[in-house]
Structure formats: structure tokens, C-alpha cells
Amino acid sequence: MRDAECIFCKIAAGEIPSKTIYEDEQFRVIMDISPATKGHALILPKEHYANLYEIPEEVAADAMKLAKKLAKKMTDALQCDGFNLIQNNGEVAGQTVFHFHMHLIPRYKNDGNEDKLCWNHVELSEEELEEIHQKLIK
Ligand code: 5GP
Ligand code: ZN
């Protein structure tokens, strides 16, 4: 299924040109237009799924297998020092394009993102922590 309004559907289908680094029947992997670091790329399924909640388990599993393969290939090619695999779901979580994608972000010493690709820590009481724990094991 495709979404006629979705830019990543058009890019994945090759209707809008992109710098593609990998393509198969299921996925296209493109260079991010506004990269966090040198080599930042995005895995796009060719079918439209808005997010992790919608994507079928098998496609998600294949996307993860591809991420592993590309992490190795990109690390060898770019000689990066580390790697972030990021996947945002929902506006509140930082998603801006509502077509499932995985960010492949090569990391380099002193790449200027040391303090950015992380989060603040919340203070939780033992009771709050336990309440959340209970919700998650129901
Ligand atoms: P999100 O914030 O939804 O997780 O990530 C969306 C990503 O897509 C951003 O990193 C943004 O730079 C990238 N992006 C948005 N529009 C385009 C586009 O038209 N072409 C490419 N190559 N990347 C895009
Ligand atoms: Zn789409």
C-alpha cells in the first residue's frame, strides 16, 4: 500500500530522485537530506507504514537485518568510530515524516553531536518506578 501524499513513498518508488545507497524489492536506503553526521542514511520500506505500530513484524525484522548489514558496510566505508540506529514514532518522539524509517547514523569522535543524540534523565521515586514496572509486566 502507498500513500499518495507521502514523500517517502515517492522517494522509495524512485519517483523523486534520491541518493540511494542500497535498494532491493522491499527497501530503498537513501542519504538523509539534512544529515546529523557524514553518511547519515535512512532505511525506507517501499510499502507505506506510518510507524513501528503499523509495520508488520516480518518487515520490521527484515529492516533490522538490513540495518545490521549496512552498519558494517558503512562503518568499513566511512571508517566511523561508532553508530546510532534510531527510529522515531509520533511527533512527541521526534518523528517528522510519517512513513516508517530507520536512521543509520555513523558517529565520529568530536562530530559535534556528543550531547545531542541522547536524553535528559527523569527523577523517579521508588513508588513511581514500581508503578511503571507493574504496568509493564501485566
Ligand atoms: P524523523 O524526524 O521523522 O525521524 O526523520 C525524518 C528525516 O528525514 C530527517 O532526518 C530529515 O532530514 C529527512 N528528510 C526529510 N525529507 C527528506 C527528503 O525529501 N529527502 C531526504 N533524503 N531526506 C529527507
Ligand atoms: Zn509513505
Side-chain angles (χ1 to χ4, degrees):
M1 276 270 282
R2 288 197 36 190
D3 178 332
E5 304 302 314
C6 173
I7 186 158
F8 279 4
C9 278
K10 293 184 182 123
I11 292 174
E15 291 164 15
I16 293 179
S18 63
K19 289 200 189 302
T20 296
I21 62 168
Y22 175 90
E23 186 182 3
D24 63 23
E25 265 186 18
Q26 244 185 331
F27 301 102
R28 182 187 292 271
V29 183
I30 63 169
M31 310 217 52
D32 195 293
I33 204 168
S34 179
T37 65
K38 292 176 183 169
H40 182 172
L42 304 170
I43 298 180
L44 313 181
K46 291 188 173 177
E47 296 285 317
H48 181 87
Y49 312 109
N51 50 42
L52 186 62
Y53 305 111
E54 287 192 5
I55 194 169
E57 205 173 284
E58 313 73 54
V59 186
D62 288 345
M64 181 55 91
K65 283 185 192 164
L66 181 56
K68 173 160 173 63
K69 206 158 47 174
L70 288 172
K72 163 91 176 95
K73 190 175 171 203
M74 290 167 71
T75 299
D76 290 346
L78 300 170
Q79 291 292 293
C80 57
D81 306 302
F83 211 90
N84 288 117
L85 186 58
I86 296 177
Q87 199 277 310
N88 300 324
N89 299 282
E91 212 173 327
V92 73
Q95 187 176 12
T96 57
V97 180
F98 296 90
H99 174 125
F100 177 96
H101 52 280
M102 288 171 93
H103 293 260
L104 303 167
I105 307 181
R107 298 302 304 274
Y108 308 87
K109 288 190 186 93
N110 306 313
D111 64 16
N113 276 303
E114 294 79 9
D115 58 342
K116 297 208 180 70
L117 299 174
C118 63
W119 44 80
N120 296 322
H121 298 271
V122 287
E123 293 280 339
L124 293 178
S125 66
E126 181 51 37
E127 290 73 33
E128 288 170 316
L129 207 55
E130 187 49 26
E131 194 187 329
I132 297 160
H133 179 210
Q134 289 304 321
K135 282 184 185 167
L136 292 174
I137 59 174
K138 262 184 197 151

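First listed ligand is number 1; within each ligand, the first listed atom is number 1.
The proximity of Ile86 to ligand 1, defined as any non-hydrogen pair under 4.0 Å, does not occur for either the backbone or the side chain. Proximity of Phe8 to ligand 1, defined as any heavy-atom pair under 4.0 Å, is confined to the side chain (atoms from C-beta onward). Of the heavy atoms in Ile16, none comes closer than 4.0 Å to ligand 1. Residue Asn88 touches ligand 1 through its side chain alone, judged by heavy-atom distances below 4.0 Å.
Checking Glu130, Lys138, Glu131 one by one against Gln134, the side-chain hydrogen bond (donor to acceptor under 3.5 Å, both in side chains) holds for a single residue, Glu130. Here the options are Asn88, Leu42, Ile7, the test is side chain to side chain contact (heavy atoms under 4.5 Å, CB included), and the partner is Val97; only Ile7 passes.
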Checklist entry - Given Asn113 and Arg107, is the side-chain hydrogen bond (donor to acceptor under 3.5 Å, both in side chains) satisfied, shown in steps? => result CA-CA 8 Å; Asn113 276 303; Arg107 298 302 304 274; 5.8 Å; no
Item to check | ring-ring contact (aromatic ring centres under 6.0 Å, His included) evaluation trace for His103 with His101 | outcome: CA-CA 7 Å; His103 293 260; His101 52 280; 5.1 Å; yes
Next on the checklist: Assess the residue pair Leu104 and Leu85 against the criterion (side chain to side chain contact (heavy atoms under 4.5 Å, CB included)); give the C-alpha distance rounded to whole Å, side-chain angles, the decisive distance to 0.1 Å, and a yes or no.
Outcome noted: CA-CA 5 Å; Leu104 303 167; Leu85 186 58; 3.6 Å; yes
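More than 12 heavy-atom neighbours from other residues, nucleotides or ligands sit within 6.0 angstrom of CD on Glu15.
At least one heavy atom of His103 sits closer than 4.0 Å to an atom of ligand 1. Heavy-atom distances between Gly94 and ligand 1 reach below 4.0 Å in at least one pair.
Taking the N/O/S atoms of His99 in turn, the shortest distance to the Zn ion (ligand 2) belongs to ND1.
Without hydrogens or angle criteria, Glu114 side chain to Asp111 main chain gives a donor-acceptor distance under 3.5 Å. For the pair Asp62 (side chain) and Lys65 (backbone), a donor-acceptor distance under 3.5 Å is absent. In this structure, the side chain of Asp81 engages the main chain of Lys109 through a donor-acceptor pair within 3.5 Å. No donor-acceptor pair under 3.5 Å is formed between the side chain of Glu128 and the backbone N or O of Leu124.
Scanning all protein heavy atoms for the shortest distance to atom 15 (C) of ligand 1 gives Val97 CG2, 4.0 Å. The protein heavy atom nearest to atom 17 (C) of ligand 1 is Ile33 CG2, 3.7 Å. Scanning the protein for heavy atoms near atom 3 (O) of ligand 1, the closest one is Thr96 N, 2.7 Å.
Taking every non-hydrogen atom of Ile30 and a distance limit under 4.0 Å, the qualifying atoms of ligand 1 come out as 21 (C), 22 (N). The ligand atoms of ligand 1 that sit less than 4.0 angstrom from a heavy atom of Ile11 are 18 (C), 19 (O), 20 (N). Atoms of ligand 1 found under 4.0 Å from any heavy atom of Ile7 (numbered from 1 in listed order, with element): 19 (O). Those atoms of ligand 1 that come under 4.0 Å of a heavy atom in His101, given as number and element, are 1 (P), 3 (O), 4 (O), 5 (O), 6 (C).
Summarising the contacts of atom 11 (C) of ligand 1 with Asn89, Leu44, Asp32, the nearest heavy atom is found in Asp32. In this structure, of Lys19, Met102, Met31, Lys10, the residue bringing a heavy atom nearest to atom 22 (N) of ligand 1 is Met31.
Vertex the Zn ion (ligand 2); arms to Cys9 SG and His48 ND1; angle rounded to 10 degrees, 100°.
One finds the CZ atom of Phe8 at 10.0 Å from the CD1 atom of Ile16 (value rounded to the nearest 0.5 Å).
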